[in-house]
Enquirer: 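One structure, as structure tokens, below. Some questions next.
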Amino acid sequence: SRFCSIILVSALSEVADRLKGYEAGANDYLTKPFVDDELEAKVQVALDTKTFAEFSTFRNQRERMCGLHGESLAVISQLRDIEDGTHLANVRGISHILAAELRQGSFKSQIDDEFLDSLYVASILHDVGKIGLPDHVLRKTSGWSEEEWEQMKGHTIVGQRILNHLAHQHSSAGVYEMAAAVARWHHECFDGSGYPDGLHGQCIPLAARIVKIADTFDIAVARSDATLSDSVTRVRDELLQARASAFDPTIVDALCYTFEEIAELYEEIGRAS
């Protein structure tokens with residue numbers, strides 16, 4: 001899309017590698033390791049170079065479709081292969097299903113149309129901070145050293161910093177404020193055993209509690225060796241066992257109530273690779 005600026009982030013730093021990136025359609029190029037402020041500056045420059053007419057037209061079109069803004073797409077494009085596209089789609093879909101169910105019950109005063117629209121964006125930006133991780137840490141799925149694990153946990157803070165910057169710069173602050181909260185706190189646990197701040201219970205923002213379940217659910221399904229239908233059922237049962245420890249029990253109940261709808265989502269989209 002002509003409204004989307006693409007910033008490639010890579011450990012490859014040779015001129016030939018940069019040229020290949022530009023030939024593939026990138027607007028800018030950033031090599032690892034990098035300074036957070038430099039990334040934020042490049043995102044800001046990309047946004048500022050868009051004409052007002054282009055931005056207004058795209059914003060109106062996108063808001064009618066799903067509430068996702070051009071600057072969000074610019075950030076998502078930087079994820080490269082950090083997140084599988086199917087994983088992001090599943091997390092977004094599950095988050096929406098859960099929020100819609102919760103809206104009918106005890107959370108109806110907190111979940112309105114604006115909350116749902118913001119969650120649509122926030123759910124797929126939950127791990128944007130991983131862009132700051134070195135490849136040898138990012139590609140691991142287990143067995144981190146103590147230092148590597150601290151780096152991994154730090155992606156929550158980096159993500160919040162990036163999204164807070166966008167919240168301060170643009171009129172759609174509410175979307176980015178929610179996304180920043182989700183990025184920082186979607187690894188917190190209901191019993192206080194999570195990271196990075198050890199928040200517990202209702203102290204964890206509602207959007208982060210929703211995305212935590214959606215993210216955990218999809219990762220577990222993707223890693224399962226069973227058939228897709230069996231995997232979805234088994235993961236639901238596993239999450240039930242962590243009800244009130246890792247997860248908000250009310251949201252786990254909502255997952256059980258909407259299980260058939262979530263299973264249908266996997267039939268349509270499939271599991272992440």
Side-chain angles (χ1 to χ4, degrees), residues 36 75 82-83 87-88 91-92 94-103 105-112 114-133 137 142 144 146-168 173-220 235 238-256:
D36 294 342
V75 175
I82 290 172
E83 292 288 3
H87 173 63
L88 297 180
V91 170
R92 181 176 59 191
I94 296 170
S95 296
H96 179 80
I97 290 170
L98 294 176
E101 174 65 25
L102 294 168
R103 189 181 190 180
S106 56
F107 289 104
K108 61 183 178 182
S109 62
Q110 299 180 55
I111 301 177
D112 53 16
E114 182 178 356
F115 183 100
L116 292 175
D117 289 343
S118 295
L119 187 64
Y120 192 95
V121 177
S123 59
I124 56 175
L125 294 176
H126 63 282
D127 272 342
V128 69
K130 284 185 176 179
I131 194 172
L133 293 173
V137 175
S142 62
W144 293 282
E146 184 176 347
E147 180 182 356
E148 289 171 341
W149 179 235
E150 289 303 315
Q151 287 181 294
M152 176 60 74
K153 292 192 293 184
H155 82 272
T156 56
I157 298 171
V158 173
Q160 182 195 39
R161 186 180 300 131
I162 293 171
L163 294 163
N164 272 341
H165 179 79
L166 290 177
H168 293 152
V175 173
Y176 297 110
E177 288 171 356
M178 177 187 284
V182 168
R184 181 167 185 121
W185 293 304
H186 73 283
H187 285 293
E188 300 287 359
C189 293
F190 203 69
D191 62 1
S193 62
Y195 66 86
D197 301 309
L199 300 184
H200 68 278
Q202 305 297 321
C203 294
I204 307 168
L206 176 59
R209 303 198 311 266
I210 292 172
V211 172
K212 177 181 179 63
I213 289 183
D215 184 40
T216 304
F217 190 97
D218 190 63
I219 289 174
V235 172
E238 290 171 2
L239 265 62
L240 270 171
Q241 295 177 12
R243 186 181 183 275
S245 56
F247 310 109
D248 184 330
T250 304
I251 303 178
V252 174
D253 291 343
L255 184 142
C256 292

Enquirer: Which atom pair, heavy atoms only, marks the closest approach of Leu125 to Ala179?
Expert: CD1-CB, 4.2 Å
Enquirer: Salt bridge between Lys130 and Asp127, side-chain N to carboxylate O under 4.0 Å?
Expert: yes
Enquirer: Would His126 and His187 count as a ring-ring contact (aromatic ring centres under 6.0 Å, His included) here? Give the steps.
Expert: CA-CA 10 Å; His126 63 282; His187 285 293; 8.1 Å; no
Enquirer: Quick check for you: to the nearest 0.5 Å, what is the distance between Phe107 atom CZ and Leu98 atom CG?
Expert: 11.0 Å
Enquirer: Which atoms form the tightest heavy-atom contact between Glu188 and Pro196, and what is the distance?
Expert: OE2-N, 3.2 Å
Enquirer: Quick check: do Ser123 and Val182 have side-chain heavy atoms less than 4.5 Å from each other?
Expert: no
Enquirer: How long is the straight-line distance from CD of Glu147 back to CD of Gln151, given to the nearest 0.5 Å?
Expert: 5.5 Å
Enquirer: Do Arg243 and Asp253 have side chains that get closer than 4.5 Å, going by heavy atoms?
Expert: yes
Enquirer: Could you go step by step and tell me if Thr156 and Asp197 meet the side chain to side chain contact (heavy atoms under 4.5 Å, CB included) rule?
Expert: CA-CA 10 Å; Thr156 56; Asp197 301 309; over 6 Å; no
Enquirer: List for me each residue that meets salt bridge (charged side-chain N to carboxylate O under 4.0 Å, His left out) alongside Glu238, sequence neighbours excluded, and say none if there are none.
Expert: none
Enquirer: Check this for me: Glu114, atom CD, are more than 12 non-hydrogen atoms of other residues, nucleotides or ligands nearer than 6.0 Å?
Expert: no
Enquirer: I'd like to know whether Ile124 forms a side chain to side chain contact (heavy atoms under 4.5 Å, CB included) with Val91, so could you lay out the CA-CA distance, the side-chain angles of the two residues, the decisive distance to 0.1 Å, and finally the verdict.
Expert: CA-CA 7 Å; Ile124 56 175; Val91 170; 5.8 Å; no
Enquirer: State, yes or no, whether a side-chain contact exists between Val175 and Tyr120 at a heavy-atom distance under 4.5 Å.
Expert: no
Enquirer: Quick one, His87 with Asp215, criterion side-chain hydrogen bond (donor to acceptor under 3.5 Å, both in side chains). Give me CA distance, side-chain angles, the key distance, then yes/no.
Expert: CA-CA 8 Å; His87 173 63; Asp215 184 40; 2.9 Å; yes
Enquirer: Who pairs with Glu150 by salt bridge (charged side-chain N to carboxylate O under 4.0 Å, His left out), at least two apart in sequence or on another chain?
Expert: Lys153
Enquirer: Kindly say whether Met152 contributes a backbone atom to a donor-acceptor pair with the side chain of His155 at under 3.5 angstrom?
Expert: yes
Enquirer: Given side chains that start at C-beta, do those of Trp149 and Glu146 come closer than 4.5 Å, heavy atoms only?
Expert: no
Enquirer: Go through Arg103 and Asp112 one step at a time and tell me if the salt bridge (Lys or Arg N to Asp or Glu O under 4.0 Å) criterion holds.
Expert: CA-CA 7 Å; Arg103 189 181 190 180; Asp112 53 16; over 6 Å; no
Enquirer: Donor-acceptor pairs under 3.5 Å, side chain of residues 198-210 to any protein atom, not counting sequence neighbours: which ones?
Expert:
residue : atom : partner : partner atom : Å
Gln202  : OE1  : Arg209  : NH2          : 3.2
Arg209  : NE   : Asp248  : OD2          : 2.9
Arg209  : NH1  : Ile204  : O            : 2.5
Arg209  : NH2  : Asp248  : OD2          : 3.2

Enquirer: Report yes if some heavy atom in the side chain of Pro249 is under 4.5 Å from a heavy atom in the side chain of Phe190; otherwise report no.
Expert: yes
Enquirer: Show, in sequence, the C-alpha distance, side-chain angles and deciding distance for Ile97 and Glu101, and conclude whether the side chain to side chain contact (heavy atoms under 4.5 Å, CB included) test is met.
Expert: CA-CA 6 Å; Ile97 290 170; Glu101 174 65 25; 5.7 Å; no
Enquirer: Identify the heavy atoms of Val137 and Trp144 that sit nearest to each other, and give their distance.
Expert: O-NE1, 3.3 Å
Enquirer: State the CD1-OH distance between Ile162 and Tyr176, to the nearest 0.5 angstrom.
Expert: 12.5 Å
Enquirer: Heavy atoms, side chains only, cut-off 4.5 Å: are Ile213 and Val252 in contact?
Expert: yes
Enquirer: Quick one: closest heavy-atom pair of Ser95 and Leu119, and the distance?
Expert: O-CD2, 3.7 Å
Enquirer: Does a side-chain heavy-atom distance below 4.5 Å link Thr216 with Lys212?
Expert: yes
Enquirer: Evaluate side chain to side chain contact (heavy atoms under 4.5 Å, CB included) for Val158 paired with Leu133, printing each intermediate quantity in order.
Expert: CA-CA 10 Å; Val158 173; Leu133 293 173; over 6 Å; no
Enquirer: For Leu163 versus Ala183, what's the shortest heavy-atom pair and its separation?
Expert: CD1-CB, 3.9 Å
Enquirer: Trp185 and Tyr195: aromatic ring centres closer than 6.0 Å?
Expert: no
Enquirer: Looking only at heavy atoms, which two atoms of Phe115 and Ile111 are closest? And how far apart?
Expert: CD2-CG2, 3.7 Å
